[in-house]
There are 2 protein chains.
Amino acid sequence: MEIIDTSNTKDAEAIEIFKEFLENNGFRKTPERFAILSEIYHRNDHFDAEALYVHMKKSDYHVSRATVYNTLDILSQCNLIAKHHFDGHVTRYEKTYGVPAHDHMICTKCGKITEFRDERIEAVRKDVAANSDMEVTGHALIVYGECKDDCTTGFSPAH
Amino acid sequence: MEIIDTSNTKDAEAIEIFKEFLENNGFRKTPERFAILSEIYHRNDHFDAEALYVHMKKSDYHVSRATVYNTLDILSQCNLIAKHHFDGHVTRYEKTYGVPAHDHMICTKCGKITEFRDERIEAVRKDVAANSDMEVTGHALIVYGECKDDCTTGFSPAH
DNA sequence: ATAGTTGCAAAAGCTTTGCAGTATG
DNA sequence: CATACTGCAAAGCTTTTGCAACTAT
């Protein structure tokens, strides 16, 4: 088990992948889509659609909520972002290109997220695939807990 | 790794635990709450609030949605049920008393859920606790995949 | 030109909340 | 008999959808 840091800004490569995906699947290459991708690849947190929408509204490139949701969906399809359901309220996303596969540990008091990698998870996936009638396509492991130091400044979901 | 079967009906014990919890925490012992607990402990699936509401409406003991949500919350507090966020749409629940700890594998095409146990997960939890500044209180591992046989009869979430 | 996209607002779906009436302790 | 609980409906929030205007190809 190792705690990892996933921050990076490989947006140049991500843009290329996105272009290809759009072309190969008959989608249009609109400036809104690239503006959203760029915004996402400059963040290092686990954001939700609303946070992305609000941040882009303030920035130089305004896009509508509908476009945000639409683009998040396309980016999920081509695996440039991952979708998370840490709780029942909102779907959260994070960039994935250039980021090692990892899982999440989250503090239920303050929302702080720590990312880690553990090769045993991969072994479990293989075993599950072998012992069931299913082809495994993905997984999500979320470890819930509470910070030992006082993290009493309230719950800030995006980390 | 082993696939497990979690069906059972230990409702007698669960009722006792619920009674104690309600008493110790200043909650009232209303018939609605026990009717809901009983309904839950006679199911062996991963249900959502609406399914429970609809089923109880048809049965001999009608309760309101508000009461369903309220009671599900209390039952979570005393660990008689577990909450799951398999996808971003609805929160699902399952009974936990008398059920071995386990994780879930879910087919993204038909919604079929298979339950399994793997002792390596417990090891990962311990490692995460040791390598972070967090006290681990729980976890959720969901393995996503697709049935190999054709499960084309559509998505039925409750399994 | 012509279809895919955007933006806006309305609608949908799950969950929470307010309040008047009810029943538990 | 005081106050927590229930039921109902309304409100709240996130996400989806319908449609006219727009634009990438």
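Here the structure is a predicted model, which means the values were calculated and not measured.
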Next on the checklist: On DNA chain D, does the nearest nucleotide to B:H89 precede the nearest nucleotide to B:S64 from the 5' side, or the other way round? Give the residue.
Outcome noted: B:S64
Checklist entry - The side chain of A:A66 lies closest to which of these nucleotides: C:dT6, D:dC5, C:dC8? => result C:dC8
Checklist entry - Does a salt bridge link A:D127 with B:R120, judged by any charged N lying under 4.0 Å from a carboxylate O? => result yes
Checklist outcome for this item: Assign each of B:T91 and B:P31 the nucleotide of DNA chain C bearing its closest heavy atom; nearer the 5' end lies the nucleotide of B:T91
Next on the checklist: With a cut-off of less than 4.0 Å, is there a side-chain N or O of B:Y69 near OP1 or OP2 of C:dT15?
Outcome noted: yes
Checklist entry - Between atom CE in A:M56 and atom C1' in C:dT6, what is the gap in whole Å? => result 13 Å
Checklist entry - What is the distance from CG of A:D73 to C1' of D:dT15, rounded to the nearest Å? => result 11 Å
Checklist entry - In whole angstrom, what separates B:Y61's OH from D:dT6's C1'? => result 10 Å
Item to check | Side-chain heavy atoms of A:F47 within contact of A:I40, under 4.5 Å | outcome: yes
Next on the checklist: Using the side-chain heavy atoms of B:K29, tell me which of these nucleotides is nearest: D:dT15, C:dG25, C:dT5.
Outcome noted: C:dG25
Checklist entry - Are the aromatic rings of B:Y144 and A:H139 close, with centres under 6.0 Å apart? => result no
Next on the checklist: Is the phosphate of D:dC5 approached by B:T67 (side-chain N or O, under 4.0 Å from OP1 or OP2)?
Outcome noted: no
Item to check | N-O pairing of A:K148 and B:E135 below 4.0 Å | outcome: no
Item to check | Ionic contact status for A:R43 with A:E94, cut-off 4.0 Å | outcome: no
Item to check | Among C:dT2, C:dC8, D:dC5, the one nearest B:T30 by side-chain distance | outcome: D:dC5
Next on the checklist: Distance check needed: D:dA4 P versus B:N70 CG, whole Å only.
Outcome noted: 13 Å
Item to check | Nucleotide nearest B:R65 when distance is taken to its side chain, options D:dT15, C:dT15, C:dG25 | outcome: C:dT15
Checklist outcome for this item: From the list A:H85, A:H104, A:H102, ring pair (Phe, Tyr, Trp, His ring centres under 6.0 Å) partner of A:H46 resolves to A:H104
Next on the checklist: Output the rounded distance in Å from CG (B:D87) to C1' (D:dT14).
Outcome noted: 14 Å
Next on the checklist: Please give me the minimum heavy-atom distance between B:D103 and B:L141, naming the atom from each residue.
Outcome noted: OD1-N, 3.2 Å
Checklist entry - Is there a donor and acceptor pair, one atom on the side chain of A:R33 and one on the base of C:dT5, closer than 3.5 Å? => result no
Checklist entry - If an axis is fit to five pairs at each end of the helix from C:dA1-D:dT25 to C:dG25-D:dC1, what is the angle between the two, to the nearest 10°? => result 40°
Next on the checklist: Using whole Å, what does the distance between atom P of nucleotide C:dG7 and atom CZ of A:R28 come to?
Outcome noted: 14 Å
Checklist entry - Given atom CG of B:N25 and atom P of D:dC5, what is their separation to the nearest angstrom? => result 11 Å
Item to check | B:I74 CD1 - D:dT6 C1' separation (whole Å) | outcome: 12 Å
